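Since the structure comes first, as structure tokens, the remarks are kept for the end.
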Amino acid sequence: MIATWPFGKEAVDVGAQAMRDGGTALDGVEQGIRRIEFLSSDGSVGLGGRPNAAGYAQLDACIMNGPNHGGGSVAGMEGIVHPITAARRVMEKTKHVMLVGEGARWFALEQGLKTVDVAKHADLKKKWVERQRDPEPGERGHDTIALLVLDANGDIAGGCSTSGAGGKLPGRVGDAPILGAGLYVDNTVGAAGATGLGENVMRHCASVMIVELMRQGMHPQAACEEVIHRIAARDPLGYDLHVCFIALDKSGRFGAAASSQRFPFAVGTGEKTEIHHVAQVTPR
Ligand code: ASP
């Protein structure tokens, strides 16, 4: 299992436990991400995440199941505690892949998913909006939990969830709920997930590109780095843009890369989970 950022360790541990309890890779993904959504642990995932320019959280999430190449996602959804579960229900209970905004919320409510009174989060949001006027040095204002799982049968599943870029325009959708951008799973090859500024990821369909490079024989590490080089070559910001990737292949090899910062991520074998760091990719 591999997951983005230090909170990925918690997601990996919870996901591994779900699988030890008899769950599938998909259950591991859902349970691991639910934990981070519940904790809203660094204010970038779930309802405790970063509010948009109008002061409230609009959440994005996506899930993919390798064995049947299933996919489901929700975008710009308000007031639902577990967007990853809403995404899984879209995949499993509808004939669609993606629901957005109020439609996603109605569907989640109809599915009996937990909701909260968004007004109760007003204090948190007010504090965050105030902090943006005088941001802490290094504060980036976005982050995603992306979690990729390879199970003992060789099946792969993946998911991601985020409140997206803080201060985004209401209605802005990032890369996380876009299959092939923030997440992609191909059960015959591997999976990739992204974090960083979604606009820089989705314009390049980065996750599907990483998986396709692995299909051609690249190690997950080389594939993640190659996609950063390709994006940097085209973007006016070059390597200064902010994108980070994780990838896992069918044989359990993994990789991660980041364009402009050290990127901590978590890797778990089911028995132990460790935080790894990758240095930023050096321009070639
Ligand atoms: N990719 C997310 C977005 O742009 C945020 C992040 O992962 O930093 O919505």
Side-chain angles (χ1 to χ4, degrees), residues 2-8 11 32-33 36-37 39-54 56-64 73-78 83-84 86-87 98 100-101 104 128 132 135-136 138-148 158-184 191-210 224 227-228 231 235 237 240-247 256-266 278 280:
I2 179 167
T4 50
W5 304 117
F7 58 27
I33 292 179
I36 307 307
E37 290 173 340
L39 294 173
S40 282
S41 52
D42 76 344
S44 67
V45 176
L47 286 171
R50 297 185 167 95
N52 63 17
Y56 54 93
Q58 290 187 313
L59 307 178
D60 294 341
C62 166
I63 198 161
M64 284 191 78
S73 74
V74 289
M77 188 176 67
E78 294 166 26
I84 193 67
M98 184 173 199
V100 304
W128 189 87
Q132 293 320 289
E136 299 280 320
E139 180 150 9
R140 294 183 310 275
H142 52 91
D143 277 344
T144 299
I145 174 70
L147 171 61
L148 312 176
C160 55
S161 182
T162 187
S163 55
K168 64 191 179 183
L169 287 179
R172 177 265 193 186
V173 172
D175 58 320
I178 309 290
L179 276 69
L183 176 79
Y184 195 67
T195 178
L197 197 59
E199 282 72 8
N200 292 331
V201 175
M202 61 209 289
R203 283 184 292 122
H204 299 274
C205 300
S207 291
V208 76
M209 206 196 302
I210 292 169
C224 289
V227 168
I228 286 187
I231 295 177
D235 197 285
L237 280 178
D240 287 338
L241 49 71
H242 180 65
V243 289
C244 312
F245 302 120
I246 54 172
S259 56
S260 57
Q261 63 171 121
R262 266 169 75 77
F263 171 43
F265 61 100
V278 276
Q280 64 195 75

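Here the structure is a predicted model, which is why all the values come from computation and not from measurement. When a ligand or atom number is given, it counts from 1 through the structure's own listing order.
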Is any side-chain heavy atom of V74 closer than 4.5 Å to one of D60? no
Applying a strict 4.0 Å limit to heavy atoms, is A165 in contact with ligand 1? yes
Can you tell me if R172 has a non-hydrogen atom under 4.0 Å from ligand 1? yes
Test your reading of the structure: does A194 have an N or O sitting under 3.5 Å from an N or O of ligand 1? no
One finds that the ligand 1 atoms under 4.0 Å from a non-hydrogen atom of T144 are 1 (N), 2 (C), 5 (C), 6 (C), 7 (O)
Taking distance alone, with no angle check, do L197 and ligand 1 share an N/O pair under 3.5 Å? no
Side chain or backbone, does E199 bring an N or O within less than 3.5 Å of an N or O on ligand 1? no
Looking at side-chain heavy atoms only, is the closest gap between Y184 and C205 below 4.5 Å? no
If you count the atoms of ligand 1 from 1 in the order shown, which ones are under 4.0 Å from a heavy atom of T195? 6 (C), 7 (O), 8 (O)
Please confirm whether D60 comes within less than 3.5 Å of ligand 1 when only nitrogen or oxygen atoms on both sides are compared. no
Contact between F265 and C244 at the side-chain level, heavy atoms closer than 4.5 Å - yes or no? no
Heavy atoms, side chains only, cut-off 4.5 Å: are M64 and L179 in contact? yes
Going by the side chain to side chain contact (heavy atoms under 4.5 Å, CB included) test, name the single residue among T195, V201, V278 that passes it with F245. V201
Pairs of donor and acceptor atoms involving the side chains of residues 166-174, under 3.5 Å and at least two apart or interchain, shall be tabulated with distances.
from : atom 1 : to   : atom 2 : distance (Å)
K168 : NZ     : Q58  : O      : 2.7
K168 : NZ     : S163 : O      : 2.8
R172 : NE     : E199 : OE2    : 2.8
R172 : NH2    : E199 : OE1    : 2.7
R172 : NH2    : E199 : OE2    : 3.3

